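Encoded as structure tokens, the structure appears first; notes follow it.
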Amino acid sequence: MCGIIGYVGNEDAQPVILDGLKRLEYRGYDSAGLAVLSGGTLTIRKRVGRLSSLEQTCAENPVQGSPGIGHTRWATHGEPSEVNSHPHTDTAGEIAVVHNGIIENYLELREMLEKEGFVFRSQTDTEVIPNLIALELRRDQKDFMGALSRALQRARGAYALGILWTREPGRIYAARQGSPLIIGVGEGENFIASDVPAIINRVTRVIYLNDGEMACLEADGIRLFNLKGEELKPDIQKVTIHAEAASKAGFETFMLKEIHEQPRVLHGLLSKHTSDRQDIAVDLSGLGRDYCRAINRVMIVSCGTAYYAGCYGRLLLELLLDINVEVELGSELRYRRAKLDPGTLIIAVSQSGETADTIAAVKKAKASGCRVLSICNVPGSSLVRESHAVLFTDAGPEIGVASTKAFTAQLMAFALFSLGLARLRGELSDEKLSRCLAELQKVPTHIHYVLSRKDAIRQIADKHHDGPSALYLGRRFNYPIALEGALKNKEISYQHAEGYAAGEMKHGPIALISEYLPVVCICTKTDDELYEKMMSNVREVDARHGRIIAVATDGDEAVRGLAGDIIYVPEIAEEFSPMVNVVALQLLAYYSAQARGTDIDKPRNLAKSVTVE
Ligand code: F6R
């Protein structure tokens with residue numbers, strides 16, 4: 001959601017900015033723009049739509065010089081249009097700003113600034129920022145940092161900012177409050193960016209800006225300040241991901257590459273957190289062993305796909321531990337009057353670590369004394385910095401907007417954490433642990449097997465992609481997978497899809513079933529009782545002539561007579577089957593989207609990192 005890039009150095013900024021914006025495309029956007037400062041002259045280019053349109057404008061009419069700032073905008077205030085695209089300037093055209101976040105009190109600030117004679121051209125909240133800085137500069141024309149700090153103290157909301165000022169042509173200013181921003185530390189050049197993949201080809205060292213920090217970058221120097229104007233010592237960290245990790249590696253899309261990376265990612269997590277694959281070795285020291293023994297309640301909080309991972313986590317924690325577990329959406333928990341106390345462990349799940357609702361819920365829980373464990377994919381992210389302990393999913397950069405490998409890594413992280421916690425609390429016998437680990441070790445190979453069936457899955461998708469809607473049914477551990485399968489389908493193929501607990505079908509959705517409705521039934525072998533219940537649901541769909549697509553266990557002949565199409569998957573314990581079954585549904589969604597001709601890596605209206613509420 002909105003991407004920011006900035007460059008100061010000896011090269012022309014325009015190509016560096018365009019390259020950075022390309023790498024940020026995955027975050028989701030509807031327009032793009034850049035500003036280059038050459039001598040004291042500010043040149044701005046903006047285009048609505050894909051980045052290629054901005055690239056074309058820049059190629060026809062290139063701008064030379066440095067520094068520069070660029071932005072991909074995901075509209076919040078005002079429609080996607082050139083006038084609403086960033087960078088925005090103050091009325092005099094001397095200060096250019098790119099912004100990610102929302103200035104909540106922009107209307108009152110705008111009214112005040114208009115009374116001061118400032119003129120607004122866009123509908124955005126962002127435009128108040130350059131004008132507010134210009135107003136504060138009236139007090140002291142030479143102290144930009146002072147003006148910036150005073151301006152920011154008047155703004156309420158979230159921001160990551162990149163700023164150019166025509167009177168200081170060798171500098172970029174930056175600031176952060178609640179939206180992600182990093183500084184890339186180069187040799188004779190420096191960068192700002194929304195995330196590491198945007199500058200992964202240019203730097204090996206970064207500074208993660210904290211909330212309430214401002215920075216001034218020159219080609220050969222970086223200075224950090226807090227909002228009071230006090231200088232801070234930068235904490236420079238090494239980048240841990242490699243440039244190749246952010247490439248398609250020969251696959252037609254990032255999403256397909258990421259689907260195929262899942263066996264490696266899950267194998268890596270398993271090896272990292274098991275010793276000799278016989279015992280569990282999850283490091284819980286960040287939470288404290290005594291605290292872990294005393295936890296009386298777990299509240300899982302997350303959004304979207306990560307919420308479905310949380311639903312899975314709840315089931316597994318309940319299965320392995322004698323503990324109360326709840327799961328809640330970040331956007332709901334932040335406004336609930338839920339009872340939260342120090343005995344409640346919060347588990348926050350997030351690929352990006354920047355999801356505004358999840359972070360807000362975490363802050364609220366921390367204020368009530370809760371400890372926070374995050375299951376997160378991005379080192380240095382805001383969530384990681386808010387947490388007492390982190391279980392990294394180590395999935396590498398996930399560029400496809402629809403989450404795949406990060407999801408299965410979250411499921412594996414839940415499995416490892418639950419086993420580790422149950423072990424520490426003395427709630428898991430040696431025998432049960434060995435049984436669980438033996439099953440878990442099957443997961444990467446089983447996913448390989450599902451991937452090897454992709455041509456068969458493509459044929460099924462080709463048959464069913466054209467309907468207006470699809471229903472996904474699952475029970476217990478595979479209920480979150482039905483929800484996730486439906487979400488994947490809607491996100492990338494734009495076919496309406498709903499996930500339901502199969503037992504709920506007769507309480508409403510059964511009315512939808514007809515020979516036109518594809519119904520994806522996850523009916524892999526579980527304990528006999530649940531399998532039988534699921535098969536009854538399949539029969540109910542069959543009786544109403546629904547088009548059944550079954551995800552079934554290899555060798556299950558009973559399904560054959562009922563389902564028009566079957567995706568066979570290898571047998572594994574029910575509690576770990578979601579990691580395998582979901583891959584079949586990812587591929588089903590993928591090939592449906594391909595058949596429907598959508599932009600799979602960058603589905604319309606979606607943002608990879610949802611940094612605003
Ligand atoms: C779906 C998807 C989103 C995210 C959600 C939370 O494919 O990617 O639903 O799961 O926006 O994002 P994170 O995990 O970054 O907190």
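Note that the structure is a prediction, hence the values are computed from the model and not measured. When a ligand or atom number is given, it counts from 1 through the structure's own listing order. As a basis for the values below, the full set of heavy atoms in this structure was taken, side chains included, without hydrogen atoms, waters or symmetry mates.
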Backbone N/O of A75 and side chain of D30: donor-acceptor pair under 3.5 Å = yes
Under a 4.0 Å threshold between the charged nitrogen and the carboxylate oxygen, would [Y] count as salt-bridged to [X]?
X    : Y    : result
D565 : R547 : no
E252 : K248 : no
D599 : R50  : yes
K405 : E398 : no

query = What distance do Q586 atom CD and I492 atom CD1 have between them, rounded to the nearest 0.5 Å?
reply = 9.0 Å
Less than 3.5 Å apart, N/O on ligand 1 and N/O on the protein: could you list those pairs with the distances?
from	atom 1	to	atom 2	distance (Å)
ligand 1	7 (O)	T305	OG1	3.3
ligand 1	7 (O)	S403	N	2.9
ligand 1	7 (O)	K488	NZ	2.8
ligand 1	7 (O)	E491	OE1	2.8
ligand 1	7 (O)	E491	OE2	2.9
ligand 1	8 (O)	V401	O	3.4
ligand 1	9 (O)	T305	N	3.1
ligand 1	10 (O)	T305	N	3.1
ligand 1	12 (O)	T355	OG1	3.4
ligand 1	14 (O)	Q351	N	2.6
ligand 1	15 (O)	S350	OG	3.4
ligand 1	15 (O)	S352	N	2.8
ligand 1	15 (O)	S352	OG	2.6
ligand 1	15 (O)	T355	OG1	3.4
ligand 1	16 (O)	S350	OG	2.6
ligand 1	16 (O)	T355	OG1	2.4

